[in-house]
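Heads up: the structure comes next, in structure tokens.
The analysis underlying the following values was restricted to heavy atoms, covering all of them including side chains, and did not include hydrogens, waters or symmetry mates.
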Amino acid sequence: MTYIDYLNDFNHWLESNTLPGNAQLLYFKLLNVFNRAGWPEQVRVDTLRLMQMTDSMDKRTVYRARDKLAEAGFITFEKGVKGKPTQFTLQAIGRKNPTESGTQSSTKNGTKRSTKCGTENGTHIKTLDKDLEKDNIPPKSPQGETPHLVGQAETGFGAELQAAFDQWLAYKRERREGYKPTGLQSLMTQIRNAASQHGDSAVVGVIQQSMASGYRGIVFDRLKSRKPEGIAPASSVAPDYKNANKEWSL
């Protein structure tokens with residue numbers, strides 16, 4: 001699965017389920033960790049790092065968010081011990097094949113039951129696919145024009161930032177709050193300027209946090225409290241992924 005696949009599955013799941021905002025933010029941050037690490041099967045992230053990722057001062061809040069993600073089936077984890085941080089594994093939650101239920105019913109209840117169940121599931125999945133297709137159509141402007149989809153060639157964003165930008169536009173479509181061409185160009189300029197000053201990862205974090213909090217706009221003001229990328233106290237050590245033992249450390 002790709003970064004976008006995980007994001008789409010997560011947001012489709014949220015259309016009919018609920019999850020606390022801090023749990024949603026933690027999931028976005030964990031996806032970013034896996035992405036930066038090159039998508040290994042597991043990563044290790046210590047509690048302090050989790051607290052920083054979710055802007056939380058209480059480790060119990062982080063633990064509750066982690067447990068909620070596990071209960072929903074998006075992750076599994078092995079609790080860490082001293083010197084060995086918690087190990088996380090991503091779980092894919094996708095739609096079942098419409099023939100699965102029919103096949104299972106055939107074994108238990110006969111061919112007639114199988115055909116009926118398979119037909120019902122097939123109809124439901126077909127309807128859901130049509131709904132998803134509608135969701136992917138950009139909203140029309142008052143003049144009846146449909147803004148075109150904006151790719152990397154036009155935005156100039158990196159892959160991680162482009163994925164977050166696409167997800168933001170999908171989030172706005174779900175809220176029926178599309179952009180007119182001028183507003184869309186202004187948004188891209190804001191994102192581009194913020195990324196040049198604070199770095200792609202910081203802007204991605206703000207976009208994801210804005211979605212998780214249900215905001216109408218991206219809270220760029222949260223970047224003002226950060227130091228521009230490349231400026232850090234001499235004593236600070238940037239977090240880095242260690243391929244040798246698959247863990248994050250500060």
Mind listing the closest non-hydrogen atom pair of [X] and [Y] along with its distance?
X    : Y    : value
V43  : P40  : CG1-CG, 3.5 Å
Y3   : Q208 : OH-NE2, 3.5 Å
L223 : A194 : CD1-CB, 3.8 Å
W168 : G217 : CH2-C, 3.5 Å

Residues two or more places apart in sequence or in another chain: which of them pass side-chain contact (heavy atoms from CB on, under 4.5 Å) with [X]?
X    : answer
Q91  : T76, T89
N17  : W13
A212 : Q24, L25, F28
F157 : T155, L161, Q162, F165, M188, I191, R192

What residues form a side-chain hydrogen bond (donor to acceptor under 3.5 Å, both in side chains) with [X], not counting sequence neighbours?
X    : answer
Q167 : none
T2   : D5
N35  : W39

Under a 3.5 Å threshold, yes or no: a donor from one side chain and an acceptor from the other, between Q185 and E154?
yes

Are T47 and Y63 close enough that a side-chain donor and a side-chain acceptor fall under 3.5 Å? yes

So, taking the atom named [atom1] in [X] and the one named [atom2] in [Y], what distance separates them when rounded to the nearest 0.5 Å?
X    : Y    : atom1 : atom2 : result
K180 : S186 : NZ    : OG    : 14.0 Å
L26  : L30  : CG    : CG    : 4.5 Å
L14  : L19  : CG    : CG    : 6.0 Å
R66  : F88  : CZ    : CZ    : 6.0 Å
I218 : K172 : CD1   : NZ    : 8.5 Å
D166 : L7   : CG    : CG    : 10.0 Å

Paired with E160, the side-chain contact (heavy atoms from CB on, under 4.5 Å) test is passed by just one of L31, N32, V203, namely N32

Per side-chain contact (heavy atoms from CB on, under 4.5 Å), V62 is matched among M57, Q52, M53, M51 by M51

Any sub-3.5 Å donor-acceptor pair from [X]'s side-chain atoms to [Y]'s backbone N or O?
X    : Y    : answer
S213 : Y215 : no
R175 : G214 : yes
R44  : T86  : no

With sequence neighbours left out, the residues meeting salt bridge (Lys or Arg N to Asp or Glu O under 4.0 Å) with R64 are none

Exercise for the section: Could you give me the CA-CA distance, side-chain angles and deciding distance for I207 and Y171, then say whether side chain to side chain contact (heavy atoms under 4.5 Å, CB included) is met? Expected result: CA-CA 10 Å; I207 292 175; Y171 164 78; over 6 Å; no

Sorted by chain and residue number, the ring pair (Phe, Tyr, Trp, His ring centres under 6.0 Å) partners of F77 (sequence neighbours excluded) come out as none

In short, salt bridge (Lys or Arg N to Asp or Glu O under 4.0 Å) pairs touching residues 202-219 with sequence neighbours left out are E177-R216

For this session: Take Q42 and E78 through the side chain to side chain contact (heavy atoms under 4.5 Å, CB included) test and state the conclusion after the steps.
Result: CA-CA 10 Å; Q42 296 93 23; E78 294 180 9; over 6 Å; no

Please report the C-alpha distance between L90 and Y27 in whole Å, then the side-chain angles of each, then the deciding distance to 0.1 Å, and finally whether the side chain to side chain contact (heavy atoms under 4.5 Å, CB included) criterion is met. CA-CA 9 Å; L90 290 177; Y27 185 70; 4.2 Å; yes

